[in-house]
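Encoded as structure tokens, the structure appears first; notes follow it.
These numbers come from the heavy atoms of this one structure, side chains and all, not from hydrogens, waters or symmetry mates. Both ligands and their constituent atoms are indexed starting at 1 by order of listing. This chain uses plain numbering: 1 for the first residue, then up along the sequence.
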Amino acid sequence: MNIKAVILAAGKGTRMKSNKAKVLHKVFDKAIVEYPIKAAKDLGAEVCLVVGYMEDEVRTEIGDSVEYRVQTEQLGTGHAVMQAKDFITDCDLVLILYGDTPLVTVETLKNLVDYHLKHNSLGTVLSTRVSNPFGYGRIVRNGFNEFEKIVEEKDADKNQKRITEINGGMYAFNAAKLVHALDKLTNNNAQNEYYFTDVLDIISSEDGKIDAYMIQDEREILGVNSKVQLAQATAIMKERINIQHMENGVIIEDPQNTYIEPDVEIGIDTVIEPCCIIKSHTKIGNECRIGYNTKITNSILENGVDVESSVIIDSTIGHNTHLGPFAYVRPNSHIEANVKIGDFVEIKNSTIGEGTKISHLTYVGDADVGSHVNFGCGTVLVNYDGKNKYRSEIQDNVFIGCNTNLISPVTIEANSYIAAGSTITKDVPENTLAIARAKQVNKEGRAKNRKTN
Ligand code: UD1
Ligand code: CA
């Protein structure tokens, strides 16, 4: 069956109190509207987005994997769907979705379509009961408990306002019938808008069968109209994602305070301690420990990596490597297996070979470091002269004494030893001891008359 989906995303979202189009606000790393788009696509539907307010920004964010129609004036949800009439003429079944409902799942859309087909309906609206129906369209049913119409909050009388079954803003239609009903829509209501919901009334008053498919979980249909609802949507999404990981075998010690973005992958028996944020396309292996207060963005961690209170961005970490506490791994760093990166160590745009130890208070920027190198405390790769950045190489088994400056570009060849306190400006050949510090002079007795308190 040929299914198409029209998703409405033209409104400003006045209630958001924002300069940004509502549908571009983010739930984790994705714009709100990307969620219904993905759900519709996963169902196999071709998607058309109706855009208007900040049209260019929406197109830039979403790209060309969907079709677009433009609603130049925001005259209501019905008017928005009218702009996509040509898109839906040649299909069997059309889904109408709103761009501000990020919690919809493909399973729910599938159930909606199945229900619609099974009941031979011409239009089916997804409904649910909510504890607080304020702001939603109410589903009015007749004496036989059959769907009658939808009344918007602003048009509802006292009794209708008490109805707790609401319109979830997702619909399945017979395409031809929908096109026909769209031609008859008017804006005769409290807000002088073309309400999309009126097409249901139009079809049913022409003796066409309309149904409401009621779902149990009201959290599927939460519409994001305000920043409070944006936070609610994020909280629900967070819980869903965390439950999925736990079901896959990940240990999350404090799911309330763990933020994992939708595209992250984590292996079994990995422990996530409280207050961690794991973002973008990060992949974490099995049996890792992601210690409290860690933030990892778009990085790959192999099995058995142990991290504590650290930040890792756009980098890769080999198996059984230990980081932190308070390590900062900046973009394009590749740290191999069994490495130790200790406290207050910053790594940037560098490769670190297997078994190397950088235990404390060190900056490694723009360097290629071999395996089994030992960095003394307080080593600095001096990679920037105020204008240009330079790269250095430190080969296998080098030992660097504490408080060393390596002025890049410089090469320290294998098995060399840098004496503590050196400032190295020239290359060091293999197996060499390099000392680059002022000689000590002792002046006896000269400290004798020093003032003390
Ligand atoms: C709408 C429904 C309401 C339902 C609720 C579910 C109507 C008339 N009301 O109300 O019954 O309970 O959703 O969340 O449909 N949009 C446009 N062009 C417009 C107006 C809106 O593209 O001219 C888009 C918005 O960008 C938004 C979506 O349509 O993504 C829904 O509009 P919104 O104003 O949020 O409708 P609600 O008042 O929430
Ligand atoms: Ca809404």
(request) Under 4.0 Å, heavy atoms only, figure out whether ligand 1 is touched by the backbone of His79, its side chain, both or neither. (result) neither

(request) Quickly, which of Asp155, Asp201, Thr77 forms a side chain to side chain donor-acceptor pair (under 3.5 Å) with Tyr195? Name it, please. (result) Asp155

For [atom], closest protein heavy-atom neighbour:
atom: atom 26 (O) of ligand 1; answer: Gly11 N, 2.9 Å
atom: atom 30 (O) of ligand 1; answer: Leu8 O, 3.0 Å
atom: atom 38 (O) of ligand 1; answer: Arg15 NH2, 3.2 Å
atom: atom 10 (O) of ligand 1; answer: Glu152 OE1, 4.1 Å
atom: atom 23 (O) of ligand 1; answer: Gly76 N, 2.8 Å

Under a 4.0 angstrom heavy-atom cut-off, which atoms of ligand 1 come close to [X]?
X: Ala10; result: 17 (C), 18 (N), 22 (O), 26 (O)
X: Ala80; result: 17 (C), 18 (N), 22 (O)
X: Leu75; result: 23 (O)
X: Gln71; result: 17 (C), 18 (N), 19 (C), 22 (O), 23 (O)

Is it true that [X] and [Y] have a side-chain N and a carboxylate O under 4.0 angstrom from each other?
X: Glu206; Y: Lys184; answer: yes
X: Arg59; Y: Glu55; answer: yes
X: Glu61; Y: Lys26; answer: yes
X: Asp217; Y: Arg219; answer: yes
X: Arg138; Y: Glu165; answer: no

(message) So for Lys22, does at least one of its heavy atoms come nearer than 4.0 angstrom to any atom of ligand 1?
(response) yes

(message) Are any of the N/O atoms on Asn225, whether in the backbone or the side chain, positioned under 3.5 angstrom from an N/O atom of ligand 1?
(response) yes

(message) Go through it in stages, so that I can follow the logic: the residues are Val369 and Phe375, the test is side chain to side chain contact (heavy atoms under 4.5 Å, CB included), and I'd like the CA-CA distance, side-chain angles, deciding distance and then a yes or no.
(response) CA-CA 10 Å; Val369 178; Phe375 281 73; 3.8 Å; yes

(message) Considering Tyr98, Tyr194, Tyr136, Tyr195 one by one, which has a heavy atom nearer to atom 2 (C) of ligand 1 than any of the others?
(response) Tyr98

(request) For the Ca ion (ligand 2), decide whether Asn225 has an N, O or S atom at a distance under 3.0 Å. (result) yes

(request) State yes or no: are the ring centers of Tyr98 and Tyr35 separated by less than 6.0 Å? (result) no

(request) Please determine which of Val264, Ile278, Ile260 meets the side-chain contact (heavy atoms from CB on, under 4.5 Å) test together with Ile241. (result) Ile260

(request) Quick one: report the N, O or S atom of Asp100 that is nearest to the Ca ion (ligand 2). (result) OD2

(request) Kindly determine whether Lys30 and Asp263 satisfy salt bridge (Lys or Arg N to Asp or Glu O under 4.0 Å), including the steps that lead there. (result) CA-CA 10 Å; Lys30 297 186 199 314; Asp263 298 323; 2.6 Å; yes

